[in-house]
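As a basis for the values below, the full set of heavy atoms in this structure was taken, side chains included, without hydrogen atoms, waters or symmetry mates. Within every chain, numbering begins at 1; the chains are lettered A, B, ... in the order of the sequence lines, protein sequences first and strands thereafter.
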Number of protein chains: 2
Amino acid sequence: MGDMKMSGGVEWAVHCCVVLSQAEGPVPTQRLAEYHGISRTYLAKHLQQLSRAGLVTSTEGRVGGYLLTRAAEDITVLDVILAIEGTEPAFRCTEIRMNGPFPPSPQACKRPCGVNRVMQAAEQAWRSSLRSVTIADLAAGVTDDNGPQTFDRVREWLAT
Amino acid sequence: MGDMKMSGGVEWAVHCCVVLSQAEGPVPTQRLAEYHGISRTYLAKHLQQLSRAGLVTSTEGRVGGYLLTRAAEDITVLDVILAIEGTEPAFRCTEIRMNGPFPPSPQACKRPCGVNRVMQAAEQAWRSSLRSVTIADLAAGVTDDNGPQTFDRVREWLAT
DNA sequence: TAAACGTGGATAAGAACTATCCACGATTAG
DNA sequence: CTAATCGTGGATAGTTCTTATCCACGTTTA
């Protein structure tokens, strides 16, 4: 049935952050969209979310664009995901245990439902994993995969 | 923006499995829906998915209903989630690295994109966590929270 | 002053989620 | 045998979410 899928914008946002980690000046949406072959107008929305989340700063005007607000080592993949997807947990307990013929006592209801506890623990594991990887790690992976001078060419391309 | 939310049917399905773990005979959809105060017709769809996934067996006819196919100790929360949500990963890589001006070499493309690898690792952590909890564990939690004779009353109610 | 750029709002097509209903076959109590 | 119960699969909608586009506006710079 459902898919519990992540927004497609997450992929865009993470890749954009990797590119921004190599930028020497503000990079406009136009450039980032060209670089990734994606929609400029829609990407703009995602970049605004990164901006609101405090991951990037924007400079308006003629030579404006986006820059990371802090070192790539200090931005985790989780940061980017939460900026795009929001911070709400994937599972929302509707407390159906209260609907049945034997609802738990008020005392027992102070604790979250057991199902909810399991889901929360799993989400914590997921977040921990994503928090352990930074944009800098991803950038290092790109040079590993594509060669050391990859980002030199990227910087050159961005300056065009 | 998006929420990467889990289908609401997951909550229903897990709770139903906990109830089924206490059943002494086939439990019809009607009964499960009443127990949880949820829609009968919609719950039927979810139970069919559990059936297709091999987690429950159905018996048709006059005294039909659902039963777990195996011991509650051998059904994990992950099993139920995958039955309802499908087995596709939450993150789907669209390979936007190929769109750019510097696509990786065919050799480098044999490995999944670095972003994808991170997402897959996180999902594995999530799945591991959910695989470590069984329906039996959840049932034990209910007796811990609501008292030891909770399921006696449930069995009595189901037999009504 | 015009061009480039980010911002926020409005809008819309398509997909997914939630939910319901019905026709059908199977089973069983009476 | 017959009627009631029950699961199955298909069809159908309403609502929400996702994806995407466009525009008016303010800012900055050549």
Side-chain angles (χ1 to χ4, degrees), chain A residues 1-13 16 20 23 25-34 36-67 69 84-86 88 90-92 94 96 158 160, chain B residues 1-13 16 20 23 25-34 36-67 69 84-86 88 90-92 94 96 158 160:
Chain A
M1 237 142 170
D3 265 326
M4 197 189 70
K5 70 168 189 302
M6 203 178 295
S7 162
V10 169
E11 185 183 12
W12 297 4
C16 282
L20 287 177
V27 183
T29 308
Q30 173 70 38
R31 219 88 193 92
L32 289 170
E34 279 174 21
H36 295 110
I38 57 182
S39 156
R40 189 190 106 263
T41 55
Y42 194 28
L43 176 62
K45 295 299 181 191
H46 296 302
L47 293 174
Q48 283 174 32
Q49 289 185 269
L50 294 182
S51 179
R52 289 189 202 113
L55 301 183
V56 301
T57 50
S58 63
T59 58
E60 295 188 346
R62 183 69 176 69
V63 290
Y66 292 96
L67 279 178
T69 52
I84 302 295
E85 292 280 321
E88 286 171 29
F91 179 84
R92 319 90 174 292
T94 64
I96 65 175
L158 286 176
T160 305
Chain B
M1 238 145 171
D3 266 327
M4 197 189 70
K5 71 169 187 299
M6 203 178 297
S7 161
V10 169
E11 185 183 13
W12 296 5
C16 282
L20 288 178
V27 183
T29 308
Q30 173 70 39
R31 219 89 193 92
L32 289 170
E34 279 175 20
H36 295 110
I38 57 183
S39 156
R40 191 191 104 262
T41 56
Y42 193 28
L43 176 62
K45 296 298 182 192
H46 296 302
L47 293 174
Q48 284 172 31
Q49 290 185 268
L50 294 183
S51 178
R52 291 189 201 112
L55 300 182
V56 301
T57 51
S58 63
T59 58
E60 295 189 345
R62 184 69 176 69
V63 289
Y66 291 96
L67 278 178
T69 53
I84 301 296
E85 292 281 320
E88 285 170 29
F91 180 83
R92 319 88 172 298
T94 64
I96 65 175
L158 287 177
T160 306

Tell me the interatomic distance from [X], atom [atom1], to [N], atom [atom2], rounded to whole angstroms.
X	N	atom1	atom2	answer
A:Ile96	C:dT18	CD1	P	13 Å
B:His46	C:dT20	NE2	P	11 Å
A:Glu85	D:dC17	CD	P	13 Å
B:Leu43	D:dT8	CG	P	12 Å
A:Ile38	D:dT21	CD1	C1'	15 Å
B:Leu50	D:dT8	CG	C1'	15 Å
B:Ile84	C:dC17	CD1	C1'	13 Å
B:Leu32	D:dT5	CG	C1'	15 Å

Would you say a side-chain N or O of B:Tyr42 is under 4.0 Å from OP1 or OP2 of C:dT20?
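Looking at the OP1 and OP2 atoms of C:dT20, neither is under 4.0 Å from any side-chain N or O of B:Tyr42.
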Can you check whether A:Glu85 reaches A:Met6 side chain to side chain, under 4.5 Å on heavy atoms?
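Heavy-atom side-chain distance check passes, below 4.5 Å.
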Are side-chain heavy atoms of A:Thr41 and A:Thr29 found at a separation under 4.5 Å?
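No; the side chains remain at least 4.5 Å from each other.
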Can you name the closest pair of heavy atoms from A:Cys16 and A:Leu43 and give their distance?
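Heavy atoms of A:Cys16 and A:Leu43 come nearest at SG-CD1, 3.8 Å.
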Would you say [X]'s side chain and [Y]'s backbone share a donor-acceptor pair under 3.5 angstrom?
X	Y	result
B:Gln30	B:Arg40	no
A:Thr69	A:Gly54	yes
A:Arg31	A:Thr160	yes

Estimate the overall bend of the helix from C:dT1-D:dA30 to C:dG30-D:dC1 from the end axes over five pairs each, rounded to 10 degrees.
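If I round to tens, the end axes sit 10° apart.
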Which of these passes side-chain contact (heavy atoms from CB on, under 4.5 Å) with B:Pro26: B:Val56, B:Thr57, B:Thr59, B:Leu20?
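Among the candidates, only B:Thr59 passes.
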Out of curiosity, B:Ile38 CD1 to B:His46 NE2, how far, rounded to the nearest 0.5 Å?
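That separation rounds to 8.0 Å.
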What is the distance from atom CH2 of B:Trp12 to atom CG of B:Leu32, rounded to the nearest 0.5 Å?
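It comes to 12.0 Å.
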Look at all strands and tell whether B:Thr41 reaches a base, only sugar-phosphate, or nothing, counting heavy atoms closer than 4.0 Å.
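Since a base atom lies under 4.0 Å of B:Thr41, the category is base.
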Which nucleotides of nucleotides 3-11 of chain C have their base under 4.0 Å from a protein heavy atom (B), which only their sugar-phosphate (S), and which neither (-), written as one string 5' to 3'?
BBBSBBB--
